[in-house]
There are 2 protein chains.
Amino acid sequence: MAEKTYSHIPTMTIGPLSEKTGCHIETIRYYERIGIMPSPPRTEGGHRVYREEHLKRLTFIRRSRELGFTLEEIRNLLLLVDGDDFTCDEVKTMTLEHADDVHRKIADLKKLERVLKDMVSQCDRGDVPDCPVIDALFQTKAYPSIATSP
Amino acid sequence: MAEKTYSHIPTMTIGPLSEKTGCHIETIRYYERIGIMPSPPRTEGGHRVYREEHLKRLTFIRRSRELGFTLEEIRNLLLLVDGDDFTCDEVKTMTLEHADDVHRKIADLKKLERVLKDMVSQCDRGDVPDCPVIDALFQTKAYPSIATSP
DNA sequence: TATGAGACCTGTAGTTAGTACAGGTTCAAG
DNA sequence: CTTGAACCTGTACTAACTACAGGTCTCATA
């Protein structure tokens, strides 16, 4: 009964980890390459063997990506988590900054939508070859500048 | 008075073109490389010489980019313009499709903003080490799925 | 125990829309 | 004629992956 391996701990290869997290296999390997996922132990043949902690970490990364954090931001969040001396305040600040970014992006896109709709509303005569949209695109400054955030 | 060159047509090198359009020089050369700007004539020494038509075309591209069209979409718009047998309808359709994209993106980002704000609103006790944001990020599905468009 | 399908491996290249050099040449003003 | 700014080419880099090619490992079944 006593085994020298950790076989009593549930492990998995990259395939199941991929299924459980919804991350593509290539993405998981990519995360390892760029250092936000640790290199897991391998089988003798070289296959990656993951444990519960890897699943947790990858879930965290995935979830953060879904929320639009960049990998750089996630890297920082993970540093805080790993250091385990972070304060809630630091995390809150980062999240609020990100929320602001999102907010700005929404505002930019709304302006954009407005301009596009305006342009289209000019052309309601169907199949004439003269096109107000094209005309507008040739204008240097037909509308107040649209500041699309990077 | 009769000159065999086109010196009576206003020309410019890449620097002034860059200034007038707000496109970086490298970007202009890039557009030429990928074929959405034509290769202009050159001086004997190899410097690019642009004319009014180049300025117009680049303005068109710039403006379209500002409006969030991809280079691929712009390529199509330019095909229509170049073919000069396009109908306003085709352009209108493309623009409306793009507007829809933008609309969806706005909706997605709004959901995102909501989730971020919700997460942050959980943590109002300042500097405790236990952080609801981090906790939420470790959850597989703490919120209804956020479909961030590609 | 042999075998074969399927899972896994590494490494490289491509995607989008540019930006940032290095190292060399040309232009135009004085 | 000189000099410094502007221009040239070519390559490499960015973010966040995705998509192979070509080879190896695993493990359930015969």
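Chain naming here is simple, since letters A, B, ... match the order of the sequence lines and numbering starts at 1 in each.
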Rounded distance in Å - [atom1] ([X]) to [atom2] ([N]):
{"X": "Arg75(A)", "N": "dT14(D)", "atom1": "CZ", "atom2": "C1'", "result": "14 Å"}
{"X": "Ile34(A)", "N": "dT14(D)", "atom1": "CD1", "atom2": "P", "result": "12 Å"}
{"X": "Glu44(B)", "N": "dC8(D)", "atom1": "CD", "atom2": "C1'", "result": "16 Å"}

What pair of heavy atoms forms the shortest contact from [X] to [Y], and how long is it?
{"X": "Leu80(A)", "Y": "Glu90(A)", "result": "CD2-OE2, 3.7 Å"}
{"X": "Glu113(B)", "Y": "Ile106(A)", "result": "OE1-CD1, 3.5 Å"}
{"X": "Thr21(A)", "Y": "Thr59(A)", "result": "CG2-OG1, 4.0 Å"}
{"X": "Val49(A)", "Y": "Pro40(A)", "result": "O-CB, 3.4 Å"}

Inset, instruction - Sort and list the pairs that fulfil ring-ring contact (aromatic ring centres under 6.0 Å, His included) and have at least one residue in residues 54-81 of chain B, not counting sequence neighbours. - result: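 Sorted result for residues 54-81 of chain B: Phe138(A)-Phe60(B), Tyr50(B)-His54(B), Phe69(B)-His98(B).
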Inset, instruction - Just grab all the ring-ring contact (aromatic ring centres under 6.0 Å, His included) pairs involving residues 20-42 of chain B, residues at least two apart or on different chains. - result: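 Qualifying pairs: none.
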Legend entry - Set of side-chain contact (heavy atoms from CB on, under 4.5 Å) partners for Glu72(B), sequence neighbours left out: Thr70(B), Arg75(B)
Inset, instruction - Assign a letter to each nucleotide of nucleotides 5-25 of chain C from its 5' end: B, base within under 4.0 Å of a protein heavy atom; S, sugar-phosphate only; -, no contact. - result: ---SSB------BBS------
Legend entry - Non-neighbouring partners of Glu53(B) that pass side-chain hydrogen bond (donor to acceptor under 3.5 Å, both in side chains), sequence neighbours left out: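 Only Arg51(B) meet the side-chain hydrogen bond (donor to acceptor under 3.5 Å, both in side chains) criterion with Glu53(B).
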Using nucleotides 1-5 of chain D, report all nitrogen or oxygen pairs with the protein that are shorter than 3.5 Å.
none

